Protein chains: 2
Amino acid sequence: MDNKKINRRVKYTRMGLKDSFIKLMKAKPIRRITITEICEEADINRATFYSHYTDQYDLLRQIEQELVDDINEYLESYRFNEDESQFLQMMEKIFEYIKENAEVFTVLLSENGDRNFQKDVMMIVWNRCKDEWAAKKSVREEIAQYMYTYVASGCIGIILKWLQSGMDKSIHDMAVLVSKMTNQGLSVLV
Amino acid sequence: MDNKKINRRVKYTRMGLKDSFIKLMKAKPIRRITITEICEEADINRATFYSHYTDQYDLLRQIEQELVDDINEYLESYRFNEDESQFLQMMEKIFEYIKENAEVFTVLLSENGDRNFQKDVMMIVWNRCKDEWAAKKSVREEIAQYMYTYVASGCIGIILKWLQSGMDKSIHDMAVLVSKMTNQGLSVLV
DNA sequence: ATTTAAGACAACGCATTGTTGATTTTTTAT
DNA sequence: ATAAAAAATCAACAATGCGTTGTCTTAAAT
């Protein structure tokens, strides 16, 4: 009947731990964050932490996973215009989402965050654009894989820089820039 | 007189610790590597470790720094042909260097490695090519910064994929691919 | 050969860890 | 409303790793 299998109490406890953790992540690298600390901050017993997560890294991964699921849901809800470049439209939405969650993204994508999260975020774009790109594909799948890797890494890099520069450029400008770089590379300079 | 300020003994001890550490890095994430473990493996007293490094992360950073310095030296020694694209030539040399040190690069650039090292490696290329790029620059410095970030991140991403694919493509092919992506983006697909 | 620096070793108090079992509180199902 | 189930609390545990100390031994530089 009720698909919210997790009851309020559990949800609330986890929320407390997550908030406390993000707060600490802003202040110091994850390796310096102890479970004891997280629990003190959240005012939750340490044994309770262990009944939900195995360690800090497990907690981090779960936070990341929820975020990835949420972006996907967010993109799902949006109908893209078939005529325009899907990539550009999607990047706009992604920048939009990231801006709305700038705080947590800054923490998770920065040096403290782990590379798997980067990969997951890259995969969101890649999975949704591969059809568009595949249409005009003239190289072997193997080579194409390398190209997508380049593109996805470039996107993450630029997103991170944008966050660290205090989101000084507009969402639209950024989406256009990323789109241009992806499609034309540095040749746009000339 | 003698510019090798560090005597043999120190050098040897540090080498032991580094080797031991790299060995452990292959097996598990850095957060699971204890100093006790490093010292046991290297058969060096724990107190000795502390007289050289503050912790695992300090040791890692020093290994990385030495590698970065070494690449720079390696590139320095090589005269580039002014007529051709400096970027392409430099990428060839970098792929060459990485292949020669594939083992350690695989470890340091993978999920266990830290983002600062990525950045450092990116900076090597960027510092040596910015003049070439600046010549044809038609955008504001501010925007250019974003573009370089994209490119540098893309390069690292593709290098890492290459390493993880067991360096299945030749150095030359990779250099050409990276160069194409950087200069023309996905438009090479058409 | 003498001085200087590096490393070995044992020992320390301290913090964090992961787990336990008993107890209380909240949620859910009847 | 009440009983049963699930979740969180708490205190206590041994184990491990931490970082530092002082003393002693060994190697290197002059």
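Since this is a predicted model, take the numbers as computed values, not measurements. Basis for what follows: all heavy atoms, side chains included, without hydrogens, waters or symmetry-related copies. Letters A, B, ... mirror the listed sequences (proteins, then strands); counts begin at 1.
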key: Separation of atom OH in A/Y53 from atom P in C/dT17, rounded to whole Å   = 16 Å

Side-chain donor-acceptor distances from residues 117-126 of chain A under 3.5 Å, at least two apart:
| from | atom 1 | to | atom 2 | distance (Å) |
| --- | --- | --- | --- | --- |
| A/Q118 | OE1 | B/R115 | NH1 | 3.4 |

remark   = When the rotation axes relating C1' atoms of four end pairs to the next four are compared across the helix from C/dA1-D/dT30 to C/dT17-D/dA14, five pairs an end, they differ to 10° by 20°

task = Only pairs at least two apart or in different chains count here, so list each ring-ring contact (aromatic ring centres under 6.0 Å, His included) that has a residue in residues 149-190 of chain B.
result = B/F95-B/W162

Of all pairs that satisfy ring-ring contact (aromatic ring centres under 6.0 Å, His included), the ones with a partner from residues 18-42 of chain A, not counting sequence neighbours = none

inquiry  = My understanding is that only residues two or more places apart in sequence, or in another chain, count here; which of them pass salt bridge (Lys or Arg N to Asp or Glu O under 4.0 Å) with A/D55?
reply    = B/R32

inquiry  = Nearest whole Å is fine: how far is C/dT17 C1' from A/I38 CD1?
reply    = 13 Å

task = Kindly write out the residues that satisfy side-chain contact (heavy atoms from CB on, under 4.5 Å) with B/S20, not counting sequence neighbours, or none if the list is empty.
result = B/L24, B/I38, B/E41, B/A42

task = Can you tell me which residue pairs pass the salt bridge (Lys or Arg N to Asp or Glu O under 4.0 Å) test with a partner in residues 153-179 of chain B, sequence neighbours excluded?
result = A/E142-B/K169

request  = Encode nucleotides 6-22 of chain D as B, S and - characters from 5' to 3', where the letter depends on protein heavy atoms closer than 4.0 Å: B to the base, S only to sugar-phosphate, - to neither.
outcome  = -BSBB------SBBBB-

remark   = Those residues at least two apart in sequence (or on a different chain) that pass salt bridge (Lys or Arg N to Asp or Glu O under 4.0 Å) with A/E96 are A/K93

ask   = Rounded to the Å, how far apart are B/R8 CZ and C/dA5 C1'?
value = 15 Å

message = I want to know whether B/Y74 and B/Y78 have ring centres closer than 6.0 Å.
response = no

